[in-house]
Amino acid sequence: MPFPHASEALSRFTVLDLTRVRSGPTCVRQLADWGANVIKIDALTEDAGGEQPGGPRRGSDFQNLHRNKRAMTLNLKDERGLAVFKRLAAKADVVVENFRPDVKKKLGIDYESLAAINPRIVYGSISGFGQDGPYHKRPGFDQIAQGMGGLMSITGAPGEGPMRVGIPVADLTAGLFCAMGILTALLEREVSGKGQWVQTSLLQAQIFMLDFQAARWLMEKEVAKQAGNNHPTSIPTGVFKTSDGYINIATTGGRIWERCAQAIGAPELYSHPDYATAPSRSKNRDTLNAEIEKRTVTKSTETWVRELNDAGVPCGPIYAIDQMFEDAQVRHLGIAQDVPNDEGRHIQLVGQPVTLSRTPSRMVARPPEFGEQTDEVLKEFGFGADEIGKLRDAKVV
């Protein structure tokens, strides 16, 4: 295959990508970045000129979601297009989709239909609320899942109403969990020889991400509340003003709290009975934070970051995104990566946050143009030139 692999880790797998918008493409991006042969199926009904469900095709969002893939066009609403897709699925390892649950059945590309052709197929599905149940036909969006999944009730300042998180956390985590499920199913297939249907939803992913806050309710029947920038259990932990901005300080126990009090020049706070124990610090959180901030406003963020880290107190600046990418450690990690392209365009995207020592992930190919590799892909799957020509004439591809 002439298309370069982003890694050797998953290079033996072929993935058919039917996803749109964010959760599905996030899932498939994981597979593409680790070297899978990903073929994005562009529907002929989409706007080939630029506008996509994830924004313009050459826009930053679309580019970040669809690197390291190839693309072909296909009309799945035409019987001939469906036949083409089934020929591809017969040889593929993975199919990923995030249609509403009833759509794939209507198109005839549901798991049962494809497993009858290829019993080894691993079929990944992401929906808003699940593949069945009372809400399964509802359209799912990230903010809806944030609200129904409990996240907005614990985000934001107390008394100011629910607040969404600044990233599409339900979309992103549903995509990541689906990718993990697909990889787990591929590992199991090596034992059983059989594929299976991998399912997740924005709602499930969001609930899982509540983590200890959800466990507090399930185990202790305690409903978590909004805490703003304060950590709900480790105190003092939060945002404090400095002479030129803000700083995060985190204490996770009595020893670190003692170091913090010493470092800010207020050892008397550590011995004060109102702040001596974790329960007392929790009870007197607001007054303790005010006492700390009286000290932090006297020096710059840079000075406090240096002094507190030297004292063994976890802390850090609060960056805007441009400042974050200029940080020395971020630059050292190399997570902002250039994408090669023949057009000489500047494409710099967010790389994988995981490093493998022998089979690392790389940016090897810019996101494909609309249906860019249609003929190339069809030839690899055994379609002849005459057959491809007829499909084009019939507007199937």
Side-chain angles (χ1 to χ4, degrees), residues 1-3 13-21 24-25 28 31-32 36-58 62-63 65-126 195 342-343 365-397:
M1 186 181 69
F3 185 74
F13 299 116
T14 294
V15 179
L16 303 181
D17 177 9
L18 294 169
T19 67
R20 295 155 62 87
V21 193
V28 179
L31 308 177
N37 171 25
V38 172
I39 300 161
K40 183 181 185 303
I41 309 295
D42 286 330
L44 283 174
T45 53
E46 290 180 8
D47 179 6
E51 287 299 324
Q52 304 291 324
R57 201 168 188 108
R58 289 200 174 188
F62 188 96
Q63 296 279 293
L65 284 168
H66 295 287
R67 73 284 187 102
N68 292 330
K69 302 179 182 179
R70 292 185 294 173
M72 64 171 289
T73 52
L74 189 60
N75 183 1
L76 288 171
K77 295 181 180 179
D78 187 297
E79 288 186 3
R80 293 162 294 185
L82 177 60
V84 169
F85 183 78
K86 288 185 174 180
R87 281 179 64 176
L88 302 181
K91 294 184 177 181
D93 297 284
V94 177
V95 172
V96 187
E97 59 83 21
N98 60 331
F99 300 125
R100 284 207 301 268
D102 56 327
V103 171
K104 54 184 167 289
K105 188 75 173 179
K106 291 177 181 177
L107 290 174
I109 57 170
D110 53 290
Y111 170 68
E112 290 80 6
S113 298
L114 298 187
I117 300 166
N118 180 1
R120 291 175 55 82
I121 200 76
V122 171
Y123 192 105
S125 293
I126 305 173
D342 293 337
E343 299 93 341
R366 60 159 173 75
E369 299 298 333
F370 185 79
E372 183 175 353
Q373 291 91 7
T374 299
D375 289 4
E376 176 184 310
V377 169
L378 290 174
K379 287 176 183 176
E380 289 176 10
F381 278 83
F383 289 78
D386 290 345
E387 198 172 8
I388 295 172
K390 289 178 182 177
L391 290 171
R392 284 197 173 278
D393 290 343
K395 300 190 184 306
V396 174
V397 299

Note, [X] side chain near [Y] side chain (heavy atom, < 4.5 Å):
X	Y	answer
L391	V84	yes
L82	I109	yes
L18	F85	yes
Y123	E97	yes
L16	V96	no
F3	E380	no

Looking at [X] and [Y], would you say the former's side chain and the latter's main chain have a donor-acceptor pair under 3.5 Å?
X	Y	value
N68	A365	yes
N98	R20	yes
R120	K91	no
D17	V38	no

Restricting to non-hydrogen atoms, name the atom on [X] and the atom on [Y] that form the minimum distance, rounded to 0.1 Å.
X	Y	answer
Q63	P367	O-CG, 3.2 Å
A32	K69	CB-CG, 4.1 Å
G195	V122	CA-CG2, 4.2 Å
V15	A36	CG2-CB, 3.9 Å
G382	E387	O-OE1, 4.5 Å

Rounded to the nearest 0.5 Å, what's the gap from [atom1] on [X] to [atom2] on [Y]? Could you check?
X	Y	atom1	atom2	value
K104	S113	NZ	OG	11.0 Å
T14	F381	OG1	CZ	5.5 Å
T73	Q373	OG1	CD	11.0 Å
T374	D42	OG1	CG	7.5 Å
L76	L44	CG	CG	9.0 Å
E376	M72	CD	CE	11.5 Å

Task: N-O pairing of R392 and D375 below 4.0 Å - done: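 Yes, R392 and D375 are salt-bridged.
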
TODO: Using a strict cut-off of less than 4.0 Å between a Lys/Arg side-chain nitrogen and an Asp/Glu carboxylate oxygen, indicate whether E372 and R366 qualify as a salt bridge.
DONE: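 Between R366 and E372 there is a salt bridge, with a charged N closer than 4.0 Å to a carboxylate O.
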
TODO: Would you indicate whether E79, at its atom CD, is surrounded by more than 12 heavy atoms from other residues, nucleotides or ligands within a distance under 6.0 Å?
DONE: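 Check fails, neighbour count at 12 or below.
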
TODO: Would you check if there is a donor-acceptor pair between the side chains of N75 and R80 at a distance under 3.5 Å?
DONE: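 On atom types as modelled, these side chains do not qualify, holding no pair under 3.5 Å.
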
Task: Lys NZ or Arg CZ of R87 over F383 ring: under 6.0 Å, within 45° - done: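 Verdict for F383: a cation-pi partner in R87.
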
- [ ] Apply side chain to side chain contact (heavy atoms under 4.5 Å, CB included) to L114 and V95, showing your working.
- [x] CA-CA 9 Å; L114 298 187; V95 172; 4.0 Å; yes

